[in-house]
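In what follows, a structure is listed as structure tokens, so that the remarks can point back to it.
Here the structure is a predicted model, which is why all the values come from computation and not from measurement. Quick note on labels: first sequence line is chain A, next is B, and so on, each numbered from 1.
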There are 2 protein chains.
Amino acid sequence: MSETTARPLRADAERSVRAILEAAERVLSADPGASMEQIATAAGVARTTIHRRFAHRQALIEALASSAARQLAQAVEDGRPDTAPPLVALHRITANVLEVKGAWAFALGLPADPDSEAAAIHQDIGQRCITVLERARADKLVDEAADLHWVRRVYYALLGESLHGSPDDAGTDTDTLAARLIDTLLHGAGPRS
Amino acid sequence: MSETTARPLRADAERSVRAILEAAERVLSADPGASMEQIATAAGVARTTIHRRFAHRQALIEALASSAARQLAQAVEDGRPDTAPPLVALHRITANVLEVKGAWAFALGLPADPDSEAAAIHQDIGQRCITVLERARADKLVDEAADLHWVRRVYYALLGESLHGSPDDAGTDTDTLAARLIDTLLHGAGPRS
DNA sequence: CATAATTGCAACAGCAGCGATGCACTTATG
DNA sequence: CATAAGTGCATCGCTGCTGTTGCAATTATG
């Protein structure tokens, strides 16, 4: 909603922007205080090129946050949160989100200020999340008395935890992780009936 | 194990160190890249005083991590993880940890390098956590087939999430938060039988 | 192919933070 | 109370990052 006003970038320039954003994610996730120089090097680009596309350092950060938020929204959308059976949607969404969050952990963990594009997207995602949970509750998958906002927070927390990836789940595919996550979300660690 | 070799600090000096560590937690949790000057001001101390106690910036960070880790270990210990009934221990520990983690969120979120004092303490805490879970499993509170390492990760994630504190739980006492957390850990969000 | 966009490189000024030092003053401690 | 420890302040040199500019070379595009 902010960059779309400018005239279309040349094909190679667009590739540069992508490379910069990806490098920024990589470098900054390893060291949030990394210099523009480090990011530039990682992107295979001169530092001045970054400054041409992103005036300030913070402009780069915001673009990074927006880009990641958009991808996350897409990941949620692909799970058909409004039409697929709740359990199916929940599983698909979880698997998709795990992919995206794994690739853009830093960008998605960024503190978005309230009136940024990223913040709006995240709020929208949060709403869709609530919707899915309501549908799940209607199907008796979630307790009727449950506080859905708390459930969502737990869900988010489990997503975050699933990403840390202990040595055990190195190489475990996203579907398996999603299955465990949802099972834990719905049943916890207690004994099965 | 590292500072104890020096001769005891004068009473007022010790107070300064405390003030510096507390200020560092406050300031750095708001902005991880904050300057020594900002920390010093927040501590009501001259910047040079900080450098007298902590040679490098990183030395301050490590001391902060160690201090917080020790307090966390104490919080766990106070819950009698080895002797109290598992559910009681779990509740006490959770409430205690929520207090400490709330006050030292930044310091405890710090990436501790493997051979630091903090890392050793955290590993020890992790072990005690597993112990409590084993005792809980013996009491049929946790499913026999459960992967305790995953349960612990879920527990950690729930602790982290409980701290974020949505507007709703502003002012909610620690015991209530702990109760909800443990309930969720053991039963999840699914329907109650 | 002609043109305009894109880029690398080199260089610049500016700035903020770090870590150290010396000195005078205050304060805890035996 | 005498001493030693602790502190504030002013100051220094140094380093590293930022953001900008100009120019020449390359490359996509109609």
Got a donor-acceptor pair under 3.5 Å from the side chain of [X] to the base of [N]?
{"X": "A/R47", "N": "D/dG19", "value": "yes"}
{"X": "A/R10", "N": "D/dT29", "value": "no"}
{"X": "A/R57", "N": "D/dT18", "value": "no"}
{"X": "B/R52", "N": "C/dG19", "value": "no"}

B/R15 vs B/M36, nearer the 5' end of DNA chain C by closest nucleotide: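 Looking at DNA chain C, the more 5' nearest nucleotide goes with B/M36.
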Residue whose closest nucleotide on DNA chain C lies nearer the 5' end, A/G44 versus B/Q58: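 The residue closer to the strand's 5' end, by nearest nucleotide, is A/G44.
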Side-chain touch B/N96/B/V76, heavy atoms, less than 4.5 angstrom: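 No, every pair of side-chain atoms sits at 4.5 Å or beyond.
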Between A/T48 and A/S35, just flag the one whose closest nucleotide in DNA chain D comes earlier from the 5' side.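 Looking at the nearest nucleotide for each, A/S35 comes out on the 5' side.
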Between P of D/dT18 and NE2 of A/H51, the distance in whole Å: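 Rounded to the whole Å, the gap is 6 Å.
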Charged N to carboxylate O under 4.0 angstrom, A/D183 versus A/R192?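 A salt bridge links A/D183 with A/R192.
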Are side-chain N/O atoms of A/W150 and B/T184 paired as donor and acceptor at under 3.5 Å?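 Judged by distance alone, the side chains do pair up.
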Pair A/Q123-A/Q127, side-chain donor/acceptor within less than 3.5 Å: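 No, no side-chain donor-acceptor contact under 3.5 Å.
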Sugar-phosphate, base or nothing in reach of A/G33, heavy atoms under 4.0 Å: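 Contact class for A/G33: none.
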Identify whether any heavy atom of B/S16 sits under 4.0 Å from a base atom; if not, whether one sits that close to sugar-phosphate; answer base, sugar-phosphate or nothing.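 Contact class for B/S16: sugar-phosphate only.
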